[in-house]
Amino acid sequence: MSDGPCPLVEAAEAAMLLSLVDPEHALRAAGAVLSAARRAGAHEAEAVALRAMALADRELGDLDSAEHHLRAAIAVPGAPRERVAQARLSLVTVRTELGHPLQALRLAALAWAYLRPLDRAKLDTQRAVALSHLGRHQEAIASCDRALRALVHAPGTVDDRRFLAGGLLNRGLVRCWRGEWDAAMRDLTACLEISQHAGLHHLARLSAANLPFLSVRRGDIAGAFHHYREAEDTLFGYPERLATMRADFAGALLAAHLPGEARAMLNLAVPDLEASGGRVALAEARLKLAQVELLTGDPHRALQVGEQAAQELADQERTSWLPLAREVVLRSRLALGPVTPELVSGLIACADELEDGLAQLPGAAALRLTAAEAALAVDDHPAASAQLARLTRHAAVDERPDEPFPGGRLAGEWQVPAPVRQHALALEAALREDVPGAFHAVHEGLAEVGEGVEGFDDPSLRAHAARAGERLAAFGLSLAVRNGLPRDVFEWAERWRAVTAPAHGSPAIDPRRVGAELGSGALVEFVIDGESLLAVLVSGERVLLRWLGAVRAVEEAVVRLRYALRRHGERRDWSGSADGDGGNDLEVAAQEVDRLLFRPLDAELDGAALVVVPVGALHTLPWSALPSLRERPVSVAASAAGWLRARARQGRRGDGVPRVVAAAGPGLTHAHAEVTHVLACHRDTAEIPARSGAVLDALDGVDVLHLAAHGVFHARSPLMSGITLDDGLLMAYDLLTLERAPELVVLSACNSGMSRAPVEGAPLGLPGTFLAQGAACVIAGMVPVQDEAARAVMSAFHELVAVGQPPDAALAAAAAKTGVYEFTCFGAGDRPLY
């Protein structure tokens with residue numbers, strides 16, 4: 001026998017290299033080598049061919065098959081020890097991805113002794129993946145550093161370049177976990193360059209697939225979705241890789257306070273991870289999904305998914321992750337109630353566990369505060385005080401960080417988030433009955449939250465970032481309600497709503513100023529305190545506070561009214577009866593909501609024009625349908641301060657005739673007739689094409705925009721809501737770059753007035769976006785509305801506006817005349833355009 005290289009071994013190694021660039025071809029080539037090697041009794045070639053098949057399987061997302069082939073390679077009788085060790089090297093990553101990182105580390109230890117120095121460096125890149133999934137990030141970085149120092153001087157074969165690029169990729173991912181964004185970007189960029197130069201397209205794809213994650217972490221949401229679409233294209237055909245990328249992206253979106261977007265990614269990722277057997281990524285994805293469910297108000301589902309994630313992580317011996325899963329489970333049980341001493345103990349124990357993992361210190365502090373509140377709920381004041389003391393013990397020396405601290409500092413105590421620290425201080429003050437001290441702590445905390453919120457341009461990011469102070473604001477409001485002083489309740493309701501607004505730094509709104517602007521009208525600001533709904537009424541010199549009832553009862557009544565209005569609209573008979581079927585149901589439902597919201601205020605309102613500031617489910621209420629509000633001018637605002645700002649924008653053109661443009665969207669029978677009638681009502685008009693570019697261009701120079709088109713509302717991603725035009729959807733996101741918006745915007749479209757408010761003061765949707773970009777008033781639909789009904793009410797509305805009626809009064813009169821109550825006036829609509 002010749003002493004030269006075995007042709008079958010060379011063919012197997014060639015197949016192994018081919019697996020990196022063309023896995024399907026490599027799988028066929030390695031299979032052919034395997035058959036030949038078995039016939040020839042060439043054990044080394046057999047082992048290498050099996051490893052090549054495993055690498056190809058892994059690239060194609062079939063982890064179970066990859067493991068099968070690698071174990072077969074390890075078991076080949078007579079195979080050289082080095083080849084067996086190389087098979088174990090490859091098995092390290094596969095076992096990690098299958099959910100067994102500890103076993104993967106044991107495999108790495110078995111392989112180490114029989115590998116050459118360069119292969120040991122390659123093994124280190126694979127060990128880093130297992131260490132990272134176990135939360136041992138420092139060891140993972142060290143493993144990558146050690147590997148990269150050797151690989152950078154390697155001969156430069158394709159395999160060497162693969163592991164060099166892979167080591168950079170793995171180190172970049174660990175650095176992402178550690179929040180080292182710049183270093184992570186350097187590693188991922190280097191990986192991208194090396195892999196592209198070497199023709200390693202799969203590694204290039206993997207590196208590019210992490211760019212959305214990094215972009216979100218850096219606050220570039222638009223860029224993140226751009227990178228995501230590119231990565232989605234390049235990973236097509238690799239379902240496990242694509243699913244892993246989506247799950248990682250979802251984690252970043254979740255951290256960026258975008259749970260709706262994160263849920264969309266996870267709903268795509270989880271089924272593919274289940275199908276591919278990528279169990280380590282699957283457990284993490286389930287944990288994120290449980291966090292999303294809890295954050296979006298479904299504790300039942302959060303509990304179910306959280307328990308499943310906890311079990312999977314436990315099965316994988318990933319102990320550093322378990323406190324995160326336990327936290328979701330405990331918070332879900334807390335939300336489902338009742339609070340028990342055992343639950344309080346569990347919360348405290350979990351906070352201790354999170355605190356032991358230094359990366360979880362902010363989360364530990366937040367959970368400790370929750371534990372303190374839960375302890376107060378079961379009258380365990382000693383436990384509550386102990387938890388609060390751990391959150392506030394350094395607050396007194398916050399201004400003097402260099403001075404010695406009695407008793408020493410706790411590890412990580414400086415990482416207590418400001419809203420948590422200030423909430424704890426406020427609770428401590430309240431327990432001492434030091435109400436001014438409690439208010440001061442809340443004010444300081446909200447100011448710090450507001451400073452963080454202002455850094456975001458995207459209103460959805462701003463709104464979700466403000467949620468960090470939501471519980472603190474609710475605490476301040478509850479203190480004000482407990483004192484029973486209407487002006488205090490109004491001030492704290494406005495203070496909280498102002499946190500989400502760019503001008504949060506402005507002084508608190510004086511109710512006397514609001515009263516003066518209202519004239520003979522009134523403003524009703526709704527607030528929620530615990531499970532109760534209250535109303536603050538401001539009119540003239542008066543500020544009154546009224547308890548309205550249980551929030552749940554109002555929420556259910558609003559749902560019934562929306563259903564009844566929709567049913568009434570569907571059955572409305574335009575050829576004869578004005579009511580048609582469903583009219584009685586609508587009246588019953590409308591009167592019920594009216595009774596709950598306005599009967600306690602009847603004596604004070606007395607038919608006055610009204611500004612309402614909704615809260616919670618009231619953001620979805622079709623106000624025009626309430627009997628006491630029919631024929632009454634009503635404007636809906638996100639806050640009293642927001643109404644004042646909108647009001648200041650009225651009449652910016654002076655006494656000139658308003659320039660009006662209108663467009664008719666596709667798929668509607670009466671849209672063109674509606675637009676023709678609207679334009680005939682006014683003097684300076686133009687019809688524009690129903691295309692996004694034409695509409696956006698027109699917005700900069702007109703006073704009134706009217707769009708007659710279909711509307712779409714996305715409850716989970718409200719800024720993706722929009723109006724259907726000939727070239728697609730004009731989304732709320734498209735409006736964010738506007739430098740100017742018309743004074744009056746009329747959206748004659750279904751659901752175009754719907755909003756979702758992650759926090760009060762920041763309703764997200766089309767009306768809020770137009771108002772935020774400078775519009776004074778937006779008229780929009782709150783439920784689906786028939787084409788003919790929209791034409792009727794909008795025709796009447798513009799006729800009245802053109803003869804000098806203010807928009808709010810014109811809408812009220814048009815609705816009363818036509819019986820179409822589906823539309824609402826947002827912002828400030830009390831000044832005539834003519």
Exercise for the section: Assess whether side chain to side chain contact (heavy atoms under 4.5 Å, CB included) is satisfied between His714 and Met731, documenting all intermediate values. Expected result: CA-CA 10 Å; His714 290 285; Met731 295 188 295; over 6 Å; no
Practice task
Give a yes or no on whether Glu570 atom CD has more than 12 heavy-atom contacts from other residues, nucleotides or ligands under 6.0 Å away.
Solution key: yes
Problem - Sidechain-backbone polar pair: Asp585 side chain, Ala564 backbone, donor-acceptor under 3.5 Å - result: no
Problem - Student check: side-chain heavy atoms of Leu289 and Asn267 closer than 4.5 Å - result: yes
Exercise for the section: May I ask you to test the Lys288-Asp248 pair for a side-chain heavy-atom distance under 4.5 Å? Expected result: yes
Fill in the blank from the handout: Note: Cys681 and Ala802 closest approach over all heavy atoms is O-CB, 3.2 Å
Exercise for the section: Taking the side chain as every heavy atom from C-beta outward, state whether Leu696 and Leu730 have any pair of such atoms under 4.5 Å apart. Expected result: yes
Exercise for the section: Flag the pair Ile723 / Val695 as yes when at least one side-chain heavy-atom distance between them is below 4.5 Å, and no otherwise. Expected result: no
Exercise for the section: Measure the NE2-CD distance between His670 and Glu788 for me, rounded to the nearest 0.5 Å. Expected result: 4.0 Å
Fill in the blank from the handout: What one should report as the nearest heavy-atom pair of Val613 and Ser639 is CG1-CA, 3.7 Å
Handout entry: Criterion side chain to side chain contact (heavy atoms under 4.5 Å, CB included) on Leu518 and Trp643, from CA distance to verdict
Key = CA-CA 10 Å; Leu518 286 165; Trp643 175 72; 3.6 Å; yes
Handout entry: From CD (Glu517) to CD1 (Ile509), nearest 0.5 Å
Key = 10.0 Å
Practice task
Might you point out which heavy atoms bring Val785 and Ala790 nearest each other, and give the distance in Å?
Solution key: CG2-N, 4.1 Å
Practice task
Verify, without hydrogens or angle tests, whether Glu494 (side chain) and Ala641 (backbone) share a donor-acceptor contact under 3.5 angstrom.
Solution key: yes
Exercise for the section: State whether the side chain of Arg649 and the backbone N or O of Leu771 hold a donor-acceptor pair below 3.5 Å, judged by distance alone. Expected result: yes
Exercise for the section: Kindly compute the distance separating OG1 (Thr818) from CE (Met794), expressed to the nearest 0.5 Å. Expected result: 9.0 Å
Exercise for the section: Please answer whether the main-chain N or O of Gly829 pairs with a side-chain N or O of Ser635 as donor and acceptor at a distance below 3.5 Å. Expected result: yes
Problem - Side-chain touch Glu743/Val704, heavy atoms, less than 4.5 angstrom - result: no
Practice task
Ignoring hydrogens and angles, tell me if any N or O in the side chain of Arg263 forms a donor-acceptor pair with the backbone of Ala250 under 3.5 Å.
Solution key: no
Problem - side chain to side chain donor-acceptor pair (under 3.5 Å) partner of His798, chosen from Glu674, His677, His706 - result: His706
Practice task
Please check if atom CZ in Arg513 has more than 12 non-hydrogen atoms from other residues, nucleotides or ligands closer than 6.0 Å.
Solution key: no
Handout entry: Listed once per pair and sorted, the side-chain hydrogen bond (donor to acceptor under 3.5 Å, both in side chains) pairs that draw on residues 659-669, sequence neighbours left out
Key = Arg659-Asp684
Exercise for the section: Apply side chain to side chain contact (heavy atoms under 4.5 Å, CB included) to Met782 and Leu621, showing your working. Expected result: CA-CA 7 Å; Met782 300 301 292; Leu621 177 60; 5.9 Å; no
Exercise for the section: Determine whether Phe526 and Leu597 make a side-chain contact, defined as any pair of heavy atoms from C-beta on separated by less than 4.5 Å. Expected result: yes
Handout entry: Considering all heavy atoms, the nearest Leu705-Pro742 contact
Key = CB-CG, 4.0 Å
Handout entry: CH2-CG distance between Trp623 and Asp594, expressed to the nearest 0.5 angstrom
Key = 10.0 Å
Exercise for the section: Look at the side chain of Ser207 and the backbone N and O of Ala204, then say whether any donor-acceptor pair between them is shorter than 3.5 Å. Expected result: no
Exercise for the section: Mind running side chain to side chain contact (heavy atoms under 4.5 Å, CB included) on Leu766 and Leu735 for me, showing each step along the way? Expected result: CA-CA 9 Å; Leu766 286 168; Leu735 306 172; 4.2 Å; yes
Exercise for the section: Sequence neighbours left out, what passes salt bridge (Lys or Arg N to Asp or Glu O under 4.0 Å) with Glu822? Give chain and number order. Expected result: Arg572
Practice task
Check for a donor-acceptor pair, side chain of Ser624 on one end and backbone N or O of Phe823 on the other, with a separation under 3.5 Å.
Solution key: yes
Practice task
Taking the side chain as every heavy atom from C-beta outward, state whether Leu211 and Met185 have any atom pair closer than 4.5 Å.
Solution key: yes
Problem - Nearest-0.5 Å distance that lies between atom CG in Asn751 and atom OG in Ser721 - result: 9.0 Å
Exercise for the section: Nearest 0.5 Å please: distance from the NZ atom of Lys817 over to the CD atom of Glu631. Expected result: 12.5 Å
Practice task
Identify the two heavy atoms, one from Leu747 and one from Ser752, that lie closest to each other, and give their separation to 0.1 Å.
Solution key: O-OG, 3.3 Å
Handout entry: Side chain proximity check, Pro807 to Phe797, heavy atoms < 4.5 angstrom
Key = yes
Handout entry: Exam field: side chain Arg562 to backbone Val783, donor-acceptor pair closer than 3.5 Å
Key = no
Practice task
Quick one: which residue pairs count as a side-chain hydrogen bond (donor to acceptor under 3.5 Å, both in side chains) with a foot in residues 823-834, not counting sequence neighbours?
Solution key: Arg647-Asp830, Gln650-Asp830, His682-Tyr834
Handout entry: Pro718 to Arg756 - nearest heavy-atom pair and separation
Key = CD-NH2, 3.8 Å
